[in-house]
> 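This is the structure I want to talk about, given as structure tokens.
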Amino acid sequence: MNSLAKFQVDFINASLLNNEQAIYSLKHTLRETPQLTTDAQISIYTNSINSGLVNALSNIYPVCEKLVGERFFHIMVLEYIQSYPSLSPDLANYGADFSLYLSSNKAVNSVPYLSDVAKLEWSYHRAFHSKDESEFDINTLAKYTAEQLTNCIFLLPASHKLIQSNYPVDDIWRINQTENEEQLILDDEPVYLFLYRKQHEIHIDKITKIEFIFLQKINSQQPFLDVCEQLTETAELSALLAKSLQSGWINKARMAV
Amino acid sequence: MLQLLPKSAGIGLRPEHYSTIIENKPDIGWFEILTENYMGEGGLPLIYLDKIRENYPISFHGVGMSLASTDPLNMNYMIQLKNMIQRFQPLHISDHMSWVSVQQQYAHELLPFPYYPESLQHLTDKISQAQDFLQQQILIENPSSYMLFDESNIPEWDFINQLIDKSGCKLLLDVNNIYVSAFNTGFNPQKYIQRINKENIAEIHLAGFEDRGSHLYDTHGAVIHDDVWSLYEELINLTGPVPTLIEWDTDIPEFYILHSEANKAQHIINQHSSTHNLSHCISS
């Protein structure tokens, strides 16, 4: 490793991971100024890196931050940074594993829905930047014969995310969009959600368990006949298809080759 | 070759001002976008940018090339950038004389490095690779610095002059960064202005800093300091009109405040435009 590469690795390990050996090595490449010790010089960059990443995650996860408070959120993000480094030059890609990190963080056991709220917020964030898609004209399906329809592969919006949770994370998310104090009773009923972007608006639709399973199967991109065969226990498949088309949960169709 | 931005004042485009700009079409020479903010596959930011591009020249200013990093260029990023260039046709493409990543880990912060022959050669090679891939000349921006390196044996202005001679890129000179770095690391900002090769300057940035007692911090979150305006005027006096950007990234104010800062820069450009023309007439 040449000296520039070694310097950069030391810098990252010192500032991102607070590695003592790296801090020692880095300090020995620096010179004090009348106002700034070598420790102070390193601290300026460390604080700047950390606050940039904390701000980024605070923008993506505002409800999680509100639920645990700004100070505790800040501490969690600093811990997250240590285990989950950013691997993309685009800061909008950072934070995908925050829900995973929260699910294994014992310090938030008292907020058992936090990890699922994070999953919802990340899906919302990704949907905002997802590919633009034209609106699907469901009348185009009218010209298909019944046989052609069974041979159709239906597609969900590129922005979609199917979310299942044991907590009403959609209600938790909605209540925390305003400053209004609203009580929410957490029952034991699981919720099923379909999150997607239609034009420029992000929708979080509460769906039934049957709709959830149906849309999961549709998302496997098999001909509709195969989907039907796998859902033999599910009645009303044509009604499910019609609702999915009308709601915009399905936004494309193509013939299987 | 570089297509040139108008030699007038521009403003950094921020989402808070999309509607104002689209509805009122303010009299601004050009807008700069932060490249990474428009790298998503779709969504509203790209639609707003399409609309704004219809009426204004734009420049791309990125933080992701990580040119001084000892990692190779991130080709996924470069391909995305090239696609964006084809779609939006920016007149300038700039990034920083710094690094943001090593061993594929990104700090998302512009990080410093010592100035010596090895780093000069390394950065020259990376800039050349980036320009070859983009088939376009790029601009590099001088950093704001909070570190003083024992190993640095080339002053920043000489390092930049040599870097540009060797790589064929152009300079985006941030006057606020000169002022902040001069205070923090102890050099004379006037000397920097005198020694930097003025012919290489294709664009200028102006921004506000915060005085944190022991150091000045480049926040891009305040009006431009009087001393920075003076340094800018001194520079424009030497260069003549240069496209000049007002940068504001944190605590974003109402658009009229940015517009008013841009008008101040435009006034200085206009003043020196006429004196520059006059001195040209006299000398010829």
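Below, read A as the first sequence line, B as the second, and so on, with proteins coming before strands; counting in each chain starts at 1. Bear in mind that the values here come from a model prediction, so they are computed numbers and not experimental data.
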> Checking Leu91(A) against chain B: side chain, backbone, both or neither under 4.5 Å from a heavy atom?
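Interface part for Leu91(A): both.
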
> According to the interplanar angle, ranging from 0 to 90°, do the rings of His205(B) and His61(B) count as parallel (below 30°), tilted (30 to 60°) or perpendicular (above 60°)?
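His205(B) vs His61(B) ring planes: perpendicular.
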
> Under 3.5 Å, side chain of Arg87(B) to main-chain N/O of Gln89(B), donor-acceptor pair present?
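No.
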
> In terms of relative ring orientation, are His215(B) and Tyr217(B) parallel, tilted or perpendicular, with 30° and 60° separating the classes?
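Correct class here is perpendicular.
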
> Evaluate Lys166(B) against Ile127(B) for side-chain contact (heavy atoms from CB on, under 4.5 Å), listing each step before the verdict.
CA-CA 10 Å; Lys166(B) 284 157 78 85; Ile127(B) 291 172; over 6 Å; no

> Hey, which of Val100(B), Thr185(B), Leu111(B) has the most heavy atom pairs under 4.5 Å with chain A?
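So the answer, after comparing Val100(B), Thr185(B), Leu111(B), is Leu111(B).
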
> Taking the six-membered ring for Trp, are Phe11(A) and Tyr45(A) ring centroids under 6.0 Å apart?
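Yes, ring centres under 6.0 Å apart.
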
> Does any backbone or side-chain atom of Ser69(B) lie under 4.5 Å from a heavy atom of chain A? Answer side chain, backbone, both or neither.
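Both backbone and side chain of Ser69(B) come within 4.5 Å of chain A.
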
> At a 4.5 Å cut-off on heavy atoms, which part of Arg126(A) comes close to chain B: side chain, backbone, both, or neither?
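The answer is neither part of Arg126(A).
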
> Measure centre to centre between the rings of Phe7(A) and Phe113(B), then say whether the value is under 6.0 Å.
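Ring-ring flag for Phe7(A)/Phe113(B): false, centres at least 6.0 Å apart.
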
> Name the orientation class of the two ring planes belonging to His125(A) and His129(A) (parallel below 30°, tilted from 30 to 60°, perpendicular beyond 60°).
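His125(A) and His129(A): perpendicular rings.
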
> Quick check for you: to the nearest 0.5 Å, what is the distance between Ser94(B) atom OG and Met65(B) atom CE?
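Here the rounded value is 8.0 Å.
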
> Mind telling me whether Trp157(B) and Phe187(B) have parallel, tilted or perpendicular rings, with 30° and 60° as the class edges?
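If you compare the ring of Phe187(B) with that of Trp157(B), the planes turn out perpendicular.
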
> Picking from Gly62(B), Ser152(B), Gly186(B), Pro114(B), which has the most non-hydrogen pairs under 4.5 angstrom with chain A?
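Looking at each option in turn, the highest pair count goes to Pro114(B).
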
> Kindly write out the residues that satisfy salt bridge (charged side-chain N to carboxylate O under 4.0 Å, His left out) with Asp116(A), not counting sequence neighbours, or none if the list is empty.
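Here the qualifying residues are Lys119(A).
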
> Please look at Glu32(A) and chain B and tell me whether the side chain, the backbone, both or neither of the residue comes under 4.5 angstrom of a heavy atom of that chain.
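Backbone only.
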
> Counting only heavy atoms closer than 4.5 Å, note whether Ile42(A) contacts chain B via side chain, backbone, both or neither.
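Both parts, heavy atoms under 4.5 Å.
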
> Top residue by heavy-atom pair count (under 4.5 Å) with chain B, among Ser88(A), Ala92(A), Ser159(A)?
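Ranked by contacts with chain B, first place is Ser88(A).
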
> If I measure from the heavy atoms of chain A, does Phe183(B) come under 4.5 Å with its side chain, its backbone, both, or neither?
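Contact with chain A: backbone and side chain both.
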
> For Thr35(B), which atoms come within 4.5 Å of any heavy atom of chain A: side chain, backbone, both, or neither?
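No part of it gets close to chain A.
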
> As an exercise: rank Ser214(B), Gly40(B), Gly42(B), Ser119(B) by heavy-atom pairs under 4.5 Å with chain A and give me the winner.
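Of the candidates given, the most pairs with chain A belong to Gly42(B).
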
> Based on non-hydrogen pairs under 4.5 Å, which of Ser130(A), Gly52(A), Ala127(A) is most in contact with chain B?
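Ranked by contacts with chain B, first place is Ser130(A).
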
> Between chain B and each of Ile49(A), Asn93(A), Ile81(A), Thr33(A), count heavy-atom pairs under 4.5 Å; write down the option with the most.
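Top option by heavy-atom pairs under 4.5 Å: Ile49(A).
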
> Where does Leu53(A) contact chain B at under 4.5 Å (heavy atoms): side chain, backbone, both or neither?
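Looking at Leu53(A), just its side chain touches chain B.
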
> Of all of Asn37(B), Leu46(B), Ile47(B), which one pairs up most often with chain A through heavy atoms under 4.5 Å apart?
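Heavy-atom pairs under 4.5 Å are most numerous for Ile47(B).
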
